[in-house]
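Throughout, residue positions are numbered sequentially from 1 according to the sequence presented. Every number for a ligand or one of its atoms is a count from 1 in the order of the listing.
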Amino acid sequence: MTTPLQIWVEEQAKLTKPDKVYWCDGSEEEAHRLIEIGMKEESIAGTPIFRELNQKTFPNSYYHRSHPTDVARTEHLTFVCHPDKETAGPNNNWMDPDEAKEKMRGISDGCMRGKTMYVLPYMMGHPQSPYAKACVQLTDVSYVAISMRIMTRMTRDVIDKIGSREDFVKGLHSVGDFDPNKRFIMHFPEENFVWSVGSGYGGNALLGKKCFSLRIASYLGLREGWLAEHMVIMGIQDPRGDTTYITAALPSACGKTNLAMLESALPGYKVWTIGDDIAWLNIGADGRLWAINPETGFFGVAPGTSMKTNPNMMRTLKKGTFYPTLFTNTALNTDTNEPWWEGMDGAEPKNLVDWQGNKWDSSMGTKAAQPNSRFTASTSQCPALSPEFNNPKGVPISAIIFGGKRTQVKPLVVEGSSWQNSVFLGARMGSETTAAAIHQEDVVRRDPMAMLPFCGYNMADYFGHWFNIGKRLKRPPKIFSINWFRTDDKGNYIWPGFGENIRVLKWIVDRAHNKVGAKETPIGLMPHLKDLDLSGLSIKKENLEKLFGLDVKGWQREAEDIKVFFEKFGDRMPKEIWEEFYKMKAKLGGS
Ligand code: OXD
Ligand code: MN
């Protein structure tokens, strides 16, 4: 009997016209075979898809160079195609689904000619988890097939699981001819379908990640009563051996991966990693929020990663298991055949080529590694991986953190005073932009819950959904905002960050267990300094004031910016958001 899955694959092959169709089984042997093909037969802009790296120091690692125009997420080419524009909201680009499909059919006709179409059956989430989803992606490039094998649970069993069902998650991906004018990432939430052409970049091409697990899944969550969030999941073990699970949402390239596996600077504390990018949050029978990480890999920003900033990631990258590790658009040390990036440990190697293959040294004033260059590595290689990682139920969440990169105004840590106030706290977040998406860097943009680029529907409805979830929780987590990035008058970061962030996490955990008090301020609850362990840090008094004080004038300006953003949502905005906004504004005083 022909299944709906087979019919769908045949239809896509008829349109895209590959030379071959190959169904992947996710095995180790297959991964090696595809890497061999990528080293010999396929290329992007004349460069082989994979190049073997130094197998002694970076076992089972391969280097990949993308098309030079294709290095980050392209938010302006990303569309959410609900039948009506209002459902997509002002936070998304929208196109009518029929129009979008017609456009994509035109671009996709024959786009796999001369290539192999890889059929990738995969699960997002543990196959035994009630929250997991069965998915199939089609792609025409081995780099994406190998990356998906690292990032997801890819096996033939998924095909049996789908069986005769029609509601599996579908992804059609082709790198096309990399023409930026024919590059689109189209989402069809009503059909659990993503259609992406023209880009091989992770966030645009690994369709289980941002496209399904956030944009489409957030909409599924709205309809089914759960949340798909851009969040780290981690366990914090205290000196008594008790572990508290928390999640943290931060915009792209703001240190989520570092946070997820930080090595504690406080003796007796240990962090256990469950995920570094995506959390699916469901309400358990006990009325608590439970989190799973649907992914099985890290797709992290390489520059800045070192033994000092993220020792567990460096160990992960060098571990070498049967999962390959990929480095994309980093620089290369041509003496040792190792990847290299700005901020890596040790002196600058003598013989380097930059991410485009040109001879490079730092006197040239350019960057050797593309600022959004990435590694792709299996979570199984992480020494801090939580024993709960594969628990199909997930872990119970006691605190949620919202963060952003703000060099001014925002204090180190603030707590919401109620669920309603906390949703407002998440909704008012803003962050300075980074290289993870193509746009001007270092300007503040509002980024509620770090979900602005990933919420697959109108964010006004999303805030409403958060309020509804709160009503159903018997034991809601406490909610906090953090900002590691405040600078002093000379522009240097005040807070030491990285492993020292445990000091703030300890306070958050203590608050979650009602062990310490907090003081009320117009923007939420803030710590009494006596409750934060700052021992051994030498932060000047005026800088402590920046971290823990309230910049009233700055917040009055901030309120104006927040208002302009909220007004974009018109009448659809829940009244609770405005209630909290005006309460904060009144407490801040001023005009
Ligand atoms: C990512 C991103 O790749 O947020 O995780 O851009
Ligand atoms: Mn991310």
Show me a pair-per-line table, with atom names and distances to 0.1 Å, of protein N or O atoms that are under 3.5 Å from an N or O of ligand 1.
| from | atom 1 | to | atom 2 | distance (Å) |
| --- | --- | --- | --- | --- |
| ligand 1 | 3 (O) | Arg374 | NH1 | 2.9 |
| ligand 1 | 3 (O) | Arg374 | NH2 | 3.4 |
| ligand 1 | 4 (O) | Lys210 | NZ | 3.0 |
| ligand 1 | 4 (O) | His230 | NE2 | 3.3 |
| ligand 1 | 4 (O) | Ser252 | OG | 2.5 |
| ligand 1 | 5 (O) | Lys210 | NZ | 3.0 |
| ligand 1 | 5 (O) | Asp277 | OD1 | 3.1 |
| ligand 1 | 5 (O) | Asp277 | OD2 | 3.3 |
| ligand 1 | 6 (O) | Arg73 | NE | 3.0 |
| ligand 1 | 6 (O) | Arg73 | NH2 | 3.3 |
| ligand 1 | 6 (O) | Ser252 | OG | 3.1 |

Taking the side chain as every heavy atom from C-beta outward, state whether Thr321 and Tyr323 have any atom pair closer than 4.5 Å.
yes

With ring centroids as reference points, do Tyr131 and His126 lie under 6.0 angstrom apart?
no

Flag, side chain of Thr152 to backbone of Arg149, donor-acceptor distance under 3.5 Å:
no

How are the rings of Trp341 and Phe327 set to each other: parallel, tilted or perpendicular (split at 30° and 60°)?
parallel

Does any non-hydrogen side-chain atom of Lys182 lie less than 4.5 Å from one of Asp177?
yes

How wide is the angle at the Mn ion (ligand 2) between NE2 of His230 and OD1 of Asp277, to the nearest 10°?
90°

Would you call the rings of Tyr462 and Tyr457 parallel, tilted or perpendicular, taking 30° and 60° as the class edges?
perpendicular

The Mn ion (ligand 2) to Lys210: any N/O/S contact under 2.8 Å?
yes

Over 60° means perpendicular and under 30° means parallel, so tell me whether Trp340 and Trp360 are parallel, tilted or perpendicular.
tilted

